[in-house]
Amino acid sequence: MRIATWNVNSIRARADRIEAWLDRSDVDVLAIQETKAKDENFPWELFEFAGYEVAHFGLNQWNGVAIASRVGLKDVERTFPDQPVFGKGKQEPIQEARAMAATCGGVRVWSLYVPNGRGLDDPHMPYKLEWLRVLKDHAKQWVKDDPEAQIALVGDWNVAPQDDDVWDIQFFRDNNMTHVSEGERAAFNAFIDDAGFVDVVRPRHPGPGVYTYWDYTQLRFPKKEGMRIDFQLCSPALADRVTDAWIDREERKGKGASDHAPVVIEIG
DNA sequence: ATGTCGCTTTTTAAGCGA
């Protein structure tokens, strides 16, 4: 079975790309982030024609996650338990459309779009750290309750855990940039060190120079200036079954590409 | 030498978010 995660940066703008990619990638499950759509604007027929069931969680033009599957799509869950809220402007704080789960082919797949911290001193940063902490605490418990649990936490984590995960760490340091701070890295690494999850892609594709995201600005892609911020973290029992993994850098090429590349794993 | 997208709205440009 093949599981992919992909921040598509608008499901509508990327519809043709997604259709073509499903056609050639042969994935069984696709976890999507940044659909930027409400249900009424979601291209349901795209997935139907391609032979996939799909579930979507989108509240407005921001965020939005989905899971498409051709190996079953059961027990869809929107938001994780105790998911922290955030208030935009004067509006009531809400649980944003950043997490959803479904059981596909026996694997509990979580499609995650981790909040962007925006700035080291921005209110979005503590929100991001708390969001990750609460999810990690639950993930740890899921595995504690069932050591054989088949869980994949996949998506855009908005964290570059190692210096090699950005093209120039000094540039990030000099400009007080997010994604590489101690707090963000600790929040991410807790999934591995504390909850016992496994990054199944990095060992097969170590850096430097291996990225999943390239900013649209500054010609970052042709200059090979990217970031590794999209990950598939597997529960221990699922990690044992992984036979292959890759980042589809080709999909970042050409006109109309998302700024993120799909990340794929193969399970035996 | 320069340099992006995509969404929305009391739209046809500006603001927001990444």
Side-chain angles (χ1 to χ4, degrees), chain A residues 5-21 31-44 46 56-66 84-99 111-129 131-132 154-161 165-168 171-172 175-181 184 187-188 211-231 249-263:
Chain A
T5 184
W6 188 13
N7 178 324
V8 298
N9 185 16
S10 169
I11 194 89
R12 284 170 282 176
R14 220 64 62 209
D16 290 348
R17 278 265 191 170
I18 293 167
E19 189 173 15
W21 192 78
I32 299 169
Q33 299 86 40
E34 276 211 89
T35 62
K36 291 184 167 180
K38 302 175 192 175
D39 276 353
E40 63 216 61
N41 295 323
F42 191 87
W44 305 99
L46 184 167
H56 175 238
F57 176 33
L59 300 172
N60 49 41
Q61 73 268 43
W62 309 122
N63 317 309
V65 286
V85 298
F86 194 86
K88 294 192 179 218
K90 294 169 185 167
Q91 294 172 5
E92 275 297 297
I94 58 160
Q95 288 181 310
E96 297 179 307
R98 294 179 174 277
S111 180
L112 305 168
Y113 181 41
V114 176
N116 189 309
R118 299 197 185 188
L120 297 180
D121 297 321
D122 192 286
H124 290 84
M125 184 57 77
Y127 167 55
K128 173 182 191 174
L129 299 180
W131 200 95
L132 284 167
V154 309
D156 176 357
W157 294 73
N158 269 317
V159 178
D165 294 337
V166 297
W167 76 90
D168 181 357
F171 176 83
F172 279 68
N175 292 282
N176 291 317
M177 291 171 76
T178 60
H179 293 64
V180 296
S181 71
E184 289 168 282
F188 177 86
Y211 308 125
T212 65
Y213 162 85
W214 299 260
D215 198 304
Y216 284 128
T217 66
Q218 308 295 132
L219 291 176
R220 293 295 186 210
F221 185 66
K223 283 152 70 176
K224 304 187 189 305
E225 296 177 342
M227 303 168 69
R228 190 203 294 253
I229 56 176
D230 301 87
F231 297 93
R249 188 178 172 283
E250 290 297 307
E251 179 51 38
R252 180 63 179 80
K253 294 181 179 177
K255 192 171 166 59
S258 168
D259 41 4
H260 294 253
V263 179

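Note on naming: letters A, B, ... go to the chains in the order of the sequence lines (proteins, then strands), and numbering restarts at 1 for each one.
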Query raised in the report: Rounding to the closest angstrom, what is the interatomic distance between B:dT4 and B:dT10 at atom C1'?
Result: 28 Å
Requested in this report: Sugar-phosphate means primed atoms, P, OP1 and OP2; the rest is base. With that split, encode nucleotides 5-18 of chain B 5' to 3' as B, S or - using protein heavy atoms under 4.0 Å.
Outcome: SBSS-------BBS
Query raised in the report: With A:W21, which residues qualify under side chain to side chain donor-acceptor pair (under 3.5 Å), at least two apart?
Result: A:D248
Report task. Identify, with sequence neighbours excluded, every residue that meets side chain to side chain donor-acceptor pair (under 3.5 Å) alongside A:N41. Result -> none
Query raised in the report: Taking only residues two or more places apart in sequence, or in another chain, which ones meet A:K255 in a side chain to side chain contact (heavy atoms under 4.5 Å, CB included)?
Result: none
Query raised in the report: Does A:R12 have any side chain to side chain donor-acceptor pair (under 3.5 Å) partners at least two apart in sequence or in another chain, and if so, which?
Result: none
Query raised in the report: Using the C1' atom in both, what is the distance from B:dC7 to B:dT12, to the nearest Å?
Result: 16 Å
Query raised in the report: With rounding to whole Å, what would you report as the distance between B:dA1 and B:dG6 at their P atoms?
Result: 29 Å
Query - Contacts of type side chain to side chain contact (heavy atoms under 4.5 Å, CB included), residue A:Y213, not counting sequence neighbours - result: A:D215, A:M227, A:I229, A:D230, A:D259, A:H260
Report task. For this output row, return yes or no: ring centroids of A:H179 and A:F172 closer than 6.0 angstrom. Result -> no
Report task. Take atom C1' in B:dT11 and the same atom in B:dC16, then report the distance between them in whole Å. Result -> 15 Å
